[in-house]
2 protein chains.
Amino acid sequence: MSKYEPSLDLCFSALGDPTRRMILQRLARGEASVSALAAGHDMALPSVMEHLKKLEAANLITSRKKGRTRICALSPEAFTPAQNWLSAQSAIWEGRLDRFDDYITTLMQEKET
Amino acid sequence: MSKYEPSLDLCFSALGDPTRRMILQRLARGEASVSALAAGHDMALPSVMEHLKKLEAANLITSRKKGRTRICALSPEAFTPAQNWLSAQSAIWEGRLDRFDDYITTLMQEKET
DNA sequence: ATGTTACTTAGGAACATGTCTAAGTATGAA
DNA sequence: TTCATACTTAGACATGTTCCTAAGTAACAT
(Lines give C-alpha, C1' and ligand atoms only; values in the text may rest on other atoms or scores of the structure.)
Protein backbone atom coordinates (compact mmCIF):
# COMPACT_ATOMS: atom_id res chain seq x y z
CA MET A 1 0.00 0.00 0.00
CA SER A 2 1.22 3.45 -0.90
CA LYS A 3 3.70 4.66 1.68
CA TYR A 4 4.30 8.23 2.78
CA GLU A 5 5.46 10.49 -0.02
CA PRO A 6 6.64 13.91 1.14
CA SER A 7 6.37 15.18 -2.43
CA LEU A 8 2.60 14.90 -2.18
CA ASP A 9 2.64 17.24 0.83
CA LEU A 10 4.23 19.94 -1.29
CA CYS A 11 2.09 19.20 -4.31
CA PHE A 12 -1.32 19.18 -2.63
CA SER A 13 -0.44 22.09 -0.36
CA ALA A 14 0.63 24.09 -3.39
CA LEU A 15 -2.69 23.27 -5.07
CA GLY A 16 -4.57 24.43 -1.98
CA ASP A 17 -4.14 28.11 -2.76
CA PRO A 18 -6.42 29.84 -5.29
CA THR A 19 -3.72 32.21 -6.52
CA ARG A 20 -1.43 29.28 -7.25
CA ARG A 21 -4.17 27.34 -9.01
CA MET A 22 -4.85 30.36 -11.18
CA ILE A 23 -1.17 30.59 -12.03
CA LEU A 24 -1.13 26.93 -13.02
CA GLN A 25 -4.25 27.43 -15.09
CA ARG A 26 -2.53 30.26 -16.90
CA LEU A 27 0.62 28.23 -17.46
CA ALA A 28 -1.38 25.31 -18.84
CA ARG A 29 -1.91 27.56 -21.86
CA GLY A 30 1.78 28.25 -22.26
CA GLU A 31 4.90 29.76 -20.74
CA ALA A 32 4.80 33.19 -19.15
CA SER A 33 7.11 35.67 -17.47
CA VAL A 34 6.82 36.53 -13.79
CA SER A 35 5.30 39.93 -14.50
CA ALA A 36 2.86 38.43 -17.00
CA LEU A 37 1.75 36.03 -14.30
CA ALA A 38 1.55 38.81 -11.73
CA ALA A 39 -0.68 40.95 -13.97
CA GLY A 40 -4.30 40.63 -12.91
CA HIS A 41 -3.47 39.37 -9.43
CA ASP A 42 -3.80 42.61 -7.43
CA MET A 43 -0.77 41.54 -5.43
CA ALA A 44 2.76 42.86 -5.00
CA LEU A 45 5.39 41.17 -7.15
CA PRO A 46 7.32 39.62 -4.25
CA SER A 47 4.11 37.92 -3.12
CA VAL A 48 3.65 36.39 -6.54
CA MET A 49 7.28 35.29 -6.43
CA GLU A 50 6.59 33.44 -3.20
CA HIS A 51 3.78 31.53 -4.88
CA LEU A 52 6.02 30.69 -7.81
CA LYS A 53 8.68 29.46 -5.40
CA LYS A 54 6.18 27.07 -3.81
CA LEU A 55 4.98 25.82 -7.17
CA GLU A 56 8.55 25.18 -8.22
CA ALA A 57 9.38 23.47 -4.90
CA ALA A 58 6.40 21.21 -5.56
CA ASN A 59 7.75 20.46 -9.04
CA LEU A 60 4.57 21.76 -10.56
CA ILE A 61 6.43 24.33 -12.62
CA THR A 62 9.95 24.98 -13.89
CA SER A 63 11.54 28.33 -14.64
CA ARG A 64 14.57 29.67 -16.45
CA LYS A 65 16.15 33.06 -16.74
CA LYS A 66 16.16 34.68 -20.18
CA GLY A 67 17.98 37.97 -19.96
CA ARG A 68 16.41 39.82 -17.07
CA THR A 69 13.06 38.09 -17.34
CA ARG A 70 12.20 34.74 -15.79
CA ILE A 71 10.09 32.41 -17.88
CA CYS A 72 7.86 29.96 -16.05
CA ALA A 73 6.40 26.80 -17.53
CA LEU A 74 4.09 24.07 -16.30
CA SER A 75 5.87 20.78 -15.70
CA PRO A 76 4.45 18.36 -18.26
CA GLU A 77 4.06 15.55 -15.76
CA ALA A 78 2.98 18.06 -13.11
CA PHE A 79 -0.24 16.51 -11.89
CA THR A 80 0.44 12.81 -12.28
CA PRO A 81 1.50 11.94 -8.72
CA ALA A 82 -1.51 13.72 -7.28
CA GLN A 83 -3.84 12.10 -9.81
CA ASN A 84 -2.33 8.72 -9.09
CA TRP A 85 -2.81 9.09 -5.36
CA LEU A 86 -6.43 10.13 -5.81
CA SER A 87 -7.27 7.28 -8.14
CA ALA A 88 -5.50 4.78 -5.89
CA GLN A 89 -7.82 5.75 -3.06
CA SER A 90 -10.84 5.60 -5.35
CA ALA A 91 -9.72 2.11 -6.38
CA ILE A 92 -9.50 0.98 -2.78
CA TRP A 93 -12.96 2.42 -2.19
CA GLU A 94 -14.37 0.63 -5.23
CA GLY A 95 -12.79 -2.59 -4.02
CA ARG A 96 -14.50 -2.09 -0.71
CA LEU A 97 -17.88 -1.76 -2.43
CA ASP A 98 -17.21 -4.91 -4.44
CA ARG A 99 -16.44 -6.81 -1.28
CA PHE A 100 -19.67 -5.46 0.21
CA ASP A 101 -21.57 -6.70 -2.85
CA ASP A 102 -19.92 -10.10 -2.46
CA TYR A 103 -20.96 -10.13 1.18
CA ILE A 104 -24.60 -9.34 0.36
CA THR A 105 -24.59 -11.98 -2.37
CA THR A 106 -23.27 -14.52 0.11
CA LEU A 107 -26.00 -13.61 2.61
CA MET A 108 -28.71 -14.03 -0.04
CA GLN A 109 -27.35 -17.39 -1.16
CA GLU A 110 -27.23 -18.57 2.44
CA LYS A 111 -30.85 -17.52 2.87
CA GLU A 112 -31.92 -19.53 -0.21
CA THR A 113 -30.39 -22.78 1.02
CA MET B 1 -12.89 28.47 -18.04
CA SER B 2 -13.14 27.16 -14.51
CA LYS B 3 -13.67 29.99 -12.06
CA TYR B 4 -12.53 30.18 -8.45
CA GLU B 5 -13.95 27.43 -6.27
CA PRO B 6 -13.27 27.89 -2.54
CA SER B 7 -14.14 24.24 -1.95
CA LEU B 8 -10.96 23.25 -3.77
CA ASP B 9 -8.93 25.32 -1.29
CA LEU B 10 -10.24 23.19 1.55
CA CYS B 11 -9.98 19.95 -0.37
CA PHE B 12 -6.40 20.33 -1.63
CA SER B 13 -5.21 21.85 1.64
CA ALA B 14 -6.69 18.92 3.51
CA LEU B 15 -4.89 16.53 1.17
CA GLY B 16 -1.61 18.36 1.78
CA ASP B 17 -1.04 16.79 5.18
CA PRO B 18 0.39 13.26 5.49
CA THR B 19 -1.58 12.40 8.62
CA ARG B 20 -4.80 13.33 6.87
CA ARG B 21 -3.89 11.37 3.74
CA MET B 22 -3.20 8.34 5.90
CA ILE B 23 -6.58 8.74 7.57
CA LEU B 24 -8.28 8.89 4.18
CA GLN B 25 -6.36 5.84 3.05
CA ARG B 26 -7.57 4.00 6.12
CA LEU B 27 -11.16 5.11 5.57
CA ALA B 28 -11.07 4.01 1.94
CA ARG B 29 -11.10 0.48 3.38
CA GLY B 30 -14.13 1.15 5.54
CA GLU B 31 -15.59 3.16 8.39
CA ALA B 32 -13.66 3.60 11.61
CA SER B 33 -14.04 5.20 15.03
CA VAL B 34 -11.96 8.18 16.10
CA SER B 35 -9.80 6.09 18.41
CA ALA B 36 -9.30 3.43 15.75
CA LEU B 37 -8.07 6.17 13.42
CA ALA B 38 -5.87 7.64 16.13
CA ALA B 39 -4.19 4.28 16.83
CA GLY B 40 -0.83 4.12 15.13
CA HIS B 41 -0.50 7.87 14.78
CA ASP B 42 1.74 8.70 17.76
CA MET B 43 -0.35 11.80 18.33
CA ALA B 44 -2.70 12.99 21.07
CA LEU B 45 -6.37 12.40 20.42
CA PRO B 46 -7.31 16.09 20.21
CA SER B 47 -4.74 16.51 17.45
CA VAL B 48 -6.33 13.71 15.46
CA MET B 49 -9.71 15.33 16.05
CA GLU B 50 -8.41 18.52 14.48
CA HIS B 51 -7.42 16.60 11.37
CA LEU B 52 -10.82 14.94 11.21
CA LYS B 53 -12.46 18.34 11.54
CA LYS B 54 -10.52 19.58 8.51
CA LEU B 55 -11.34 16.50 6.48
CA GLU B 56 -15.01 16.95 7.30
CA ALA B 57 -14.88 20.68 6.50
CA ALA B 58 -13.43 19.71 3.13
CA ASN B 59 -16.30 17.25 2.61
CA LEU B 60 -13.81 14.44 2.27
CA ILE B 61 -15.37 12.50 5.13
CA THR B 62 -18.63 12.36 7.07
CA SER B 63 -19.11 11.28 10.66
CA ARG B 64 -21.94 10.30 12.95
CA LYS B 65 -22.22 9.63 16.65
CA LYS B 66 -23.08 6.09 17.74
CA GLY B 67 -23.34 5.95 21.49
CA ARG B 68 -20.18 7.47 22.81
CA THR B 69 -18.09 6.63 19.75
CA ARG B 70 -17.91 8.68 16.58
CA ILE B 71 -17.82 6.72 13.33
CA CYS B 72 -16.05 8.32 10.38
CA ALA B 73 -16.55 7.38 6.75
CA LEU B 74 -15.03 8.48 3.47
CA SER B 75 -17.40 10.53 1.34
CA PRO B 76 -18.09 8.43 -1.74
CA GLU B 77 -17.68 11.33 -4.14
CA ALA B 78 -14.81 12.67 -2.05
CA PHE B 79 -12.12 13.13 -4.66
CA THR B 80 -14.13 14.01 -7.75
CA PRO B 81 -13.81 17.83 -7.66
CA ALA B 82 -10.06 17.60 -7.17
CA GLN B 83 -9.72 14.99 -9.90
CA ASN B 84 -11.83 17.10 -12.22
CA TRP B 85 -9.71 20.18 -11.65
CA LEU B 86 -6.53 18.26 -12.31
CA SER B 87 -7.77 16.65 -15.49
CA ALA B 88 -9.14 19.97 -16.72
CA GLN B 89 -5.66 21.46 -16.49
CA SER B 90 -4.16 18.42 -18.18
CA ALA B 91 -6.70 18.85 -20.94
CA ILE B 92 -5.74 22.47 -21.45
CA TRP B 93 -2.08 21.41 -21.53
CA GLU B 94 -2.80 18.72 -24.12
CA GLY B 95 -4.66 21.28 -26.19
CA ARG B 96 -1.62 23.50 -26.02
CA LEU B 97 0.57 20.70 -27.33
CA ASP B 98 -1.83 20.14 -30.19
CA ARG B 99 -1.68 23.80 -31.09
CA PHE B 100 2.11 23.64 -30.90
CA ASP B 101 2.07 20.66 -33.27
CA ASP B 102 -0.12 22.66 -35.62
CA TYR B 103 2.32 25.53 -35.42
CA ILE B 104 5.31 23.31 -36.25
CA THR B 105 3.38 21.75 -39.12
CA THR B 106 2.60 25.19 -40.45
CA LEU B 107 6.27 26.20 -40.25
CA MET B 108 7.32 23.06 -42.14
CA GLN B 109 4.74 23.61 -44.83
CA GLU B 110 5.83 27.20 -45.24
CA LYS B 111 9.41 26.04 -45.60
CA GLU B 112 8.43 23.62 -48.38
CA THR B 113 6.73 26.23 -50.52
C1' DA C 1 27.31 56.21 -18.65
C1' DT C 2 22.67 56.48 -17.05
C1' DG C 3 18.01 55.45 -16.61
C1' DT C 4 14.46 51.94 -16.90
C1' DT C 5 12.85 47.43 -16.50
C1' DA C 6 12.30 43.00 -14.36
C1' DC C 7 13.08 40.63 -10.99
C1' DT C 8 15.25 39.55 -6.09
C1' DT C 9 16.29 39.92 -1.24
C1' DA C 10 15.33 41.33 3.44
C1' DG C 11 12.55 41.98 7.06
C1' DG C 12 8.29 42.34 9.38
C1' DA C 13 3.05 42.14 10.63
C1' DA C 14 -1.14 39.36 10.96
C1' DC C 15 -3.15 35.32 10.99
C1' DA C 16 -3.41 30.17 10.29
C1' DT C 17 -1.77 25.47 11.52
C1' DG C 18 -0.34 21.50 14.13
C1' DT C 19 0.58 19.94 18.45
C1' DC C 20 0.22 19.47 23.36
C1' DT C 21 -1.83 19.10 28.29
C1' DA C 22 -5.57 19.52 31.37
C1' DA C 23 -10.14 19.51 32.30
C1' DG C 24 -14.68 18.69 30.77
C1' DT C 25 -19.18 15.71 29.10
C1' DA C 26 -21.77 11.77 27.71
C1' DT C 27 -22.33 6.62 27.54
C1' DG C 28 -21.98 2.06 28.95
C1' DA C 29 -20.86 -1.38 32.43
C1' DA C 30 -20.95 -3.26 37.11
C1' DT D 1 -24.49 5.10 41.78
C1' DT D 2 -19.88 4.84 40.60
C1' DC D 3 -16.14 3.87 37.46
C1' DA D 4 -14.18 3.51 32.96
C1' DT D 5 -14.37 4.71 28.15
C1' DA D 6 -14.54 7.69 24.17
C1' DC D 7 -14.56 11.60 22.82
C1' DT D 8 -14.73 17.05 23.35
C1' DT D 9 -13.46 21.68 24.69
C1' DA D 10 -10.24 25.13 26.17
C1' DG D 11 -6.06 27.28 26.23
C1' DA D 12 -1.20 27.65 25.24
C1' DC D 13 2.69 27.71 22.11
C1' DA D 14 5.94 27.21 18.37
C1' DT D 15 6.01 27.44 13.49
C1' DG D 16 4.41 28.28 9.03
C1' DT D 17 1.94 31.10 5.58
C1' DT D 18 0.63 35.09 3.06
C1' DC D 19 1.11 39.52 2.39
C1' DC D 20 3.45 43.97 2.52
C1' DT D 21 7.17 47.83 1.80
C1' DA D 22 11.79 49.16 0.98
C1' DA D 23 16.03 48.47 -0.86
C1' DG D 24 18.88 45.79 -3.71
C1' DT D 25 20.99 43.69 -8.52
C1' DA D 26 21.29 42.46 -13.36
C1' DA D 27 20.22 43.36 -18.17
C1' DC D 28 18.57 46.48 -21.69
C1' DA D 29 18.01 50.80 -24.09
C1' DT D 30 19.73 55.32 -25.22
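What you see is a predicted model, and the numbers here were worked out from it, not measured in a lab. Letters A, B, ... mirror the listed sequences (proteins, then strands); counts begin at 1.
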Please report the distance, rounded to the nearest Å, between CZ in R64(B) and C1' in dT27(C). 17 Å
Closest approach to the side chain of D17(A), judged atom by atom: which nucleotide of dT18(D), dC20(D), dC7(C) is it? dT18(D)
Distance check needed: dT18(D) P versus D9(B) CG, whole Å only. 10 Å
Under 4.0 Å between any heavy atoms, over every strand shown, what does S47(A) touch: base, sugar-phosphate, or nothing? Just pick one. base
Would you say L24(B) and Q89(A) make side-chain contact, with heavy atoms under 4.5 Å? no
Can K53(B) and E56(B) be counted as an ion pair, charged N to O under 4.0 angstrom? no
Has H51(A) got a side-chain N or O lying under 4.0 Å from the OP1 or OP2 atom of dC19(D)? yes
Between CZ of R68(B) and P of dA29(C) the distance, given in whole Å, is 7 Å
What is the ring orientation for W85(B) with F12(B), classed by angle as parallel under 30°, tilted 30 to 60°, or perpendicular over 60°? perpendicular
Give the rounded distance in Å between these two atoms: NZ of K53(A) and P of dT8(C). 9 Å
Side chain to side chain, L27(B) and L60(B), heavy atoms closer than 4.5 Å: no
Measure from NE2 on H41(A) to P on dT18(D) and round the result to the nearest Å. 14 Å
Side chain of M43(B) - closest among dC20(C), dA4(D), dA6(C): dC20(C)
Between CZ of R70(A) and P of dT5(C) the distance, given in whole Å, is 21 Å
Ignoring the backbone of K54(A), work out which of dC28(D), dC7(D), dT17(D) is nearest its side chain. dT17(D)
Quick check for you: among dT21(C), dT8(C), dT19(C), whose closest atom lies nearest to any side-chain atom of K65(A)? dT8(C)
I want to verify a distance call: between dG18(C), dA6(D), dC7(C), whose nearest atom is closest to the S33(A) side chain? dC7(C)
Determine, step by step, whether E31(B) and R64(B) satisfy the side-chain contact (heavy atoms from CB on, under 4.5 Å) criterion, reporting the C-alpha distance in whole Å, the side-chain angles of both residues, the deciding distance to 0.1 Å, and the verdict. CA-CA 11 Å; E31(B) 301 186 332; R64(B) 62 182 194 287; 3.1 Å; yes
Please pick, from dG18(C), dA6(D), dC7(C), the nucleotide with the shortest atom-to-atom distance to any side-chain atom of T69(A). dC7(C)
Can you tell me how far P of dT9(D) sits from CD of E50(B), to the nearest Å? 10 Å
K66(A) NZ to dA26(D) P, straight-line distance once rounded to whole Å: 21 Å
